[in-house]
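In what follows, a single structure is set out as structure tokens and then discussed.
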Amino acid sequence: MNKPADFPLPLDAATPALQPQVGVSRAHEAAHLHVSGEAVYIDDIAEAQGTLHAALGLSPVAHGTLVSIDLDLLRRQPGVVAVLTAADFPGENNCGPLIHDDPILAEGTLRYVGQPVYAVIATDRELARRAAALAKQAVVSTPLPAVLTAREAHAIGQYVIAPMHLTRGDPQAALAGAPHRLEGEWAVGGQEQFYLEGQISYALPQENQALLIHCSTQHPSEMQQLVAHALGWQAHQVTVQCRRMGGGFGGKESQSALFACVAALAAHRLRRPVKLRVDRDDDFLVTGRRHGFDYRWSVGFDDEGRILGAEIDLISNCGHSADLSAPVMARALCHFDNAYWLPHVAMHGYGAKTNTQSNTAFRGFGGPQGALAIEMIMDGIGRRLGLDALTVRQRNFYRDGQDITPYGQRVEDNQIQPLTDQLIASSEYHARRAEITAFNATSPVLKRGLALTPVKFGISFNVVHLNQAGALVHVYTDGSVLVNHGGTEMGQGLNTKVAQVVAHELGVPASQVRASATDTSKVANTSATAASTGSDLNGKAAQDAARKIRARLTPLAARLLGCAESDVVFDGGEVRAGHGDPAVPSTAAAISFQELVGKAYLERIQLWSDGFYATPGLNWDRAKLQGNPFFYYAFGAAVAEVLVDTLTGETRVLRADVLHDVGRSLNPALDIGQVEGAFVQGQGWLTSEELVWHPQSGLLLTHAPSTYKIPTANDMPRDFRVALFDAPNAKDSIHRSKAVGEPPLLLPFSVLLAIKDAVAACGPERCDPPLRAPATPEAVLDAIEAVQARMAG
Ligand code: MTE
Ligand code: HPA
Ligand code: MOS
């Protein structure tokens with residue numbers, strides 16, 4: 001199928017090797033465990049004797065004053081050992097990541113249907129859940145008026161964060177002077193992370209007032225801090241471990257905290273191990289997800305479709321608390337430009353406070369919501385002018401001299417034009433456009449649609465200090481290597497990539513390097529594995545550690561080999577005297593890595609090291625929304641072709657061609673997997689995953705897979721052609737690679753716009769279908785009806 005690009009040449013001049021360990025496809029380090037079922041997730045850890053199980057009692061109302069909880073009723077239930085409430089926290093009852101407005105258990109006010117109010121601890125999980133489910137009887141409250149939609153909240157100025165404004169130039173004047181004007185209102189829904197392993201924490205008391213917590217989290221250090229905070233402890237009393245997650249997708253960046261804190265509280269109070277694993281319905285009801293956005297825009301453009309001025313309101317539905325909504329909105333504002341030069345622009349971001357789950361990180365972190373707006377606008381401009389939207393896009397691309405983003409960062413190493421040109425050619429875009437037009441002219445029921453959308457995605461946390469990482473590399477005397485780093489494994493292949501980096505530095509096969517579980521007692525003060533920076537940050541930190549070890553071994557190797565230190569080469573499990581040219585095999589004597597390490601041990605040379613990395617050159621003024629928040633940009637583009645059944649509204653992606661920039665890939669197989677996964681996940685967001693809250697009660701009705709439809713293998717593009725764009729990162733990133741986790745989530749904008757294109761074929765010339773997202777069959781039928789009505793009228 002997809003042949004991974006291969007890189008026969010050494011990837012880093014500083015570490016020449018005949019047998020490079022990076023730039024080659026290797027299976028995920030735990031793939032064989034994932035498929036055999038041997039991979040240990042937290043619920044698979046053998047339970048310690050005396051383990052108790054917790055379940056959460058959830059608020060039955062969207063907004064109310066908490067009057068009382070009938071604890072006696074709950075305590076009387078079979079198997080119940082204890083019932084805990086907000087009053088039981090010795091420290092602060094709060095697990096908010098940035099702004100402290102997130103009660104762990106409800107206190108004073110009930111904020112949404114599903115908010116945890118109390119925790120039942122019982123002898124087994126089923127009994128805990130049965131008792132916890134009595135919330136309707138046990139929780140007494142007086143109702144308060146609930147605000148359930150972002151629009152309502154915006155109308156009354158109810159926000160969780162201060163509005164953000166990012167302006168360049170004079171958009172009002174540019175709009176007033178533009179020959180054409182497009183105004184629009186639109187909205188895109190939220191999205192559930194739907195990690196296969198739900199939220200879970202398992203807390204085990206340790207001697208002398210300490211806790212070990214196994215937590216499925218992207219952010220062990222923050223879990224450690226928040227647990228310590230909730231218990232009124234010091235951080236060194238809490239150790240958080242995570243071997244792996246069964247997916248995170250942003251949903252375990254901050255929101256694993258509530259579960260960690262409740263399990264920790266119960267373990268601390270009862271001096272027993274306590275596990276809290278929520279089932280899928282509760283996971284949906286308790287935690288937040290991708291922010292849905294409402295937009296209102298006004299855009300002025302010339303006869304060619306070039307944007308002259310734009311003004312946009314972005315209203316995100318944050319839910320009841322801030323969580324990560326501020327950096328999510330900042331990223332949305334920094335991605336409204338996507339790949340385009342906007343000379344005059346004003347963006348206004350409003351984080352609406354509603355009585356729903358608190359929305360949080362999800363792959364792309366606001367970037368998709370920002371960029372989707374401009375892609376809808378590009379499509380609208382094309383339809384207004386009777387141009388292919390691709391032409392409009394190309395005319396608006398960032399180019400030399402027009403390459404400063406609205407937030408002041410220059411778009412360097414801009415690959416968008418060469419990449420798009422290559423994709424247009426390889427996908428035969430223009431021939432297929434003509435073919436589809438011909439098909440639609442003679443096909444009254446089935447319509448096809450085509451769209452190409454580009455991606456430019458900024459890489460780095462948009463909070464500067466988070467861009468740091470640490471690692472530990474241990475070389476044992478038998479030559480085997482263990483690496484531990486601050487990142488977490490959630491299926492993305494981070495451990496595989498980091499192991500490859502370490503193997504490459506030490507010149508040993510990657511199979512000789514093992515990555516151990518993330519553990520706050522090994523590497524301290526880590527950042528979340530998020531913002532796609534996992535391998536950029538931890539790869540560099542691990543490389544630093546491995547280089548220190550190599551530097552300590554080199555003088556000994558030179559002595560043993562009788563060569564200059566500068567000629568020592570670590571490669572293929574050996575250490576030999578090279579001649580500076582890695583392409584020419586050395587005939588000189590070599591010793592095995594193991595032998596060298598054994599001798600180094602006897603000479604009392606330190607065989608392990610720490611490593612550290614901080615991304616250089618970043619600055620960001622959070623108040624002015626100006627600076628250089630990103631180390632570099634990742635680019636990509638996709639062409640999607642869809643088939644729409646105009647009688648049922650059903651859609652099918654016939655073909656998708658993707659060309660995505662990962663710099664010089666560390667591991668092409670893993671990167672292609674990330675691109676494919678992100679594409680289909682984004683397709684789900686825009687086509688089938690619909691969140692519905694009851695308009696009166698505020699209950700999330702779609703809280704299970706029966707009603708919330710994530711894409712399945714059958715929804716994959718029938719013909720899926722994913723290729724990596726081969727261009728090394730111009731920045732000194734780890735082996736010149738680029739981050740891959742999130743950017744490809746924006747590629748399936750092409751699917752939504754191809755559906756819109758097919759719908760447009762049902763209406764009059766130049767019609768602009770009012771298609772909602774997600775483009776479910778209902779939404780598609782509504783849009784078809786609307787354009788057909790225009791045809792009739
Ligand atoms: N891939 C898998 N299989 N599972 C996940 O949970 N999360 C995504 C992406 N790819 C995710 C994934 C998100 S939201 C991010 S930020 C990155 O992986 C994080 O990992 P990285 O920085 O190591 O790429
Ligand atoms: N991505 C993910 N998490 C974050 C970010 C980001 O850009 N900024 C702060 N937390
Ligand atoms: Mo990813 S949303 O940054 O965890």
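All ligand and atom numbering here is 1-based and tracks the order in the structure. Source: prediction; values computed, not measured.
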Candidate pair Y350 and Y159, rule ring-ring contact (aromatic ring centres under 6.0 Å, His included), full reasoning | CA-CA 7 Å; Y350 303 96; Y159 305 120; 5.6 Å; yes
Check against ring-ring contact (aromatic ring centres under 6.0 Å, His included), F679 and F720 = CA-CA 10 Å; F679 187 97; F720 201 8; 5.2 Å; yes
Take F457 and H335 through the ring-ring contact (aromatic ring centres under 6.0 Å, His included) test and state the conclusion after the steps.
-> CA-CA 7 Å; F457 196 90; H335 283 75; 4.8 Å; yes
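Those atoms of ligand 1 that come under 4.0 Å of a heavy atom in G247, given as number and element, are 6 (O). Near G534, meaning under 4.0 Å from one of its heavy atoms, ligand 1 places the atoms 21 (P), 22 (O), 23 (O). Interface atoms of ligand 1 facing A531, defined by a heavy-atom separation under 4.0 Å, are 16 (S). Short contacts between ligand 1 and E742, defined as distances under 4.0 Å to a heavy atom of the residue, involve ligand atoms 16 (S). Short contacts between ligand 1 and A530, defined as distances under 4.0 Å to a heavy atom of the residue, involve ligand atoms 16 (S). Residue G248 approaches ligand 1 through these ligand atoms, each under 4.0 Å from one of its heavy atoms: 5 (C), 6 (O). Residue-ligand proximity, G491 to ligand 1, at heavy-atom distances under 4.0 Å covers atoms 2 (C), 3 (N).
Nearest heavy-atom pair, G493 versus L670, reported as atom, atom and distance to 0.1 Å: O-CD1, 3.7 Å. Contact record, P454 with E375: CD-OE2, 3.5 Å, taken as the closest heavy-atom pair.
Looking only at heavy atoms of the protein, atom 23 (O) of ligand 1 is closest to Q492 NE2, 3.0 Å. Counting only heavy atoms of the protein, atom 8 (C) of ligand 1 lies nearest to R363 NE, 3.8 Å. At the shortest separation from atom 10 (N) of ligand 2 among protein heavy atoms lies E253 OE2, 3.4 Å. The shortest contact between atom 17 (C) of ligand 1 and any protein heavy atom is with G741 CA, 4.1 Å. At the shortest separation from atom 5 (C) of ligand 2 among protein heavy atoms lies F365 CE2, 3.2 Å. In this structure, the protein non-hydrogen atom closest to atom 8 (N) of ligand 2 is N462 OD1, 2.9 Å. Given atom 4 (N) of ligand 1, the protein heavy atom at minimum distance is M490 O, 2.9 Å. Nearest protein heavy-atom contact of atom 5 (C) of ligand 1 is F249 CE2, 3.2 Å.
Heavy-atom distances between L324 and ligand 2 stay at or above 4.0 Å for every pair. Ligand 1 lies nowhere less than 4.0 angstrom from a heavy atom belonging to A739. Contact between S532 and ligand 1 is present, with at least one heavy atom of the residue lying under 4.0 Å from the ligand.
Contacts with ligand 1 closer than 4.0 Å are made by backbone heavy atoms (N, CA, C, O) of T533 only, the side chain lying farther away. Of the heavy atoms in M245, none comes closer than 4.0 Å to ligand 1. At a 4.0 Å heavy-atom cut-off, ligand 1 touches Q674 through the side chain alone.
Under the 4.5 Å side-chain criterion, counting only non-hydrogen atoms from C-beta, S254 is in contact with E222. Contact annotation: the side chain of Q357 approaches that of R289 to within less than 4.5 Å [non-hydrogen atoms, C-beta and beyond]. Put simply, the side chain of V160 does not reach to within 4.5 Å of the side chain of S321, judged on heavy atoms.
A perpendicular orientation is assigned to the rings of F630 and Y407, their planes being inclined by more than 60° (bins at 30° and 60°). H291 and F293 have perpendicular rings, their planes meeting at more than 60° on a 0 to 90° scale where under 30° would count as parallel.
Between K738 and the choices D536, D661, N729, the side chain to side chain donor-acceptor pair (under 3.5 Å) rule is met once, by D661.
When only modelled atom types and interatomic distance are considered, D715 and T712 share a side-chain donor-acceptor pair under 3.5 Å. When only modelled atom types and interatomic distance are considered, D621 and Q626 share no side-chain donor-acceptor pair under 3.5 Å. Between Q500 and Q21, the side chains place no donor N or O within less than 3.5 Å of an acceptor N or O (distance only, hydrogens not considered). Under the 3.5 Å distance criterion, with hydrogens and angles disregarded, a donor-acceptor pair is assigned to the side chains of S216 and E197.
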Can you produce the list of protein nitrogen or oxygen atoms under 3.5 Å from a nitrogen or oxygen of ligand 3, alongside each distance?
from     : atom 1 : to   : atom 2 : distance (Å)
ligand 3 : 3 (O)  : A531 : N      : 2.6
ligand 3 : 3 (O)  : E742 : OE2    : 3.2
ligand 3 : 4 (O)  : Q218 : NE2    : 2.7
ligand 3 : 4 (O)  : G250 : N      : 3.4

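Around the CZ atom of R514, the shell of radius 6.0 Å holds no more than 12 heavy atoms that belong to other residues, nucleotides or ligands. Atom CG of N525 has 12 or fewer heavy atoms from other residues, nucleotides or ligands within 6.0 Å.
When only interatomic distances are considered, the shortest N/O to N/O separation between R331 and ligand 2 falls below 3.5 Å.
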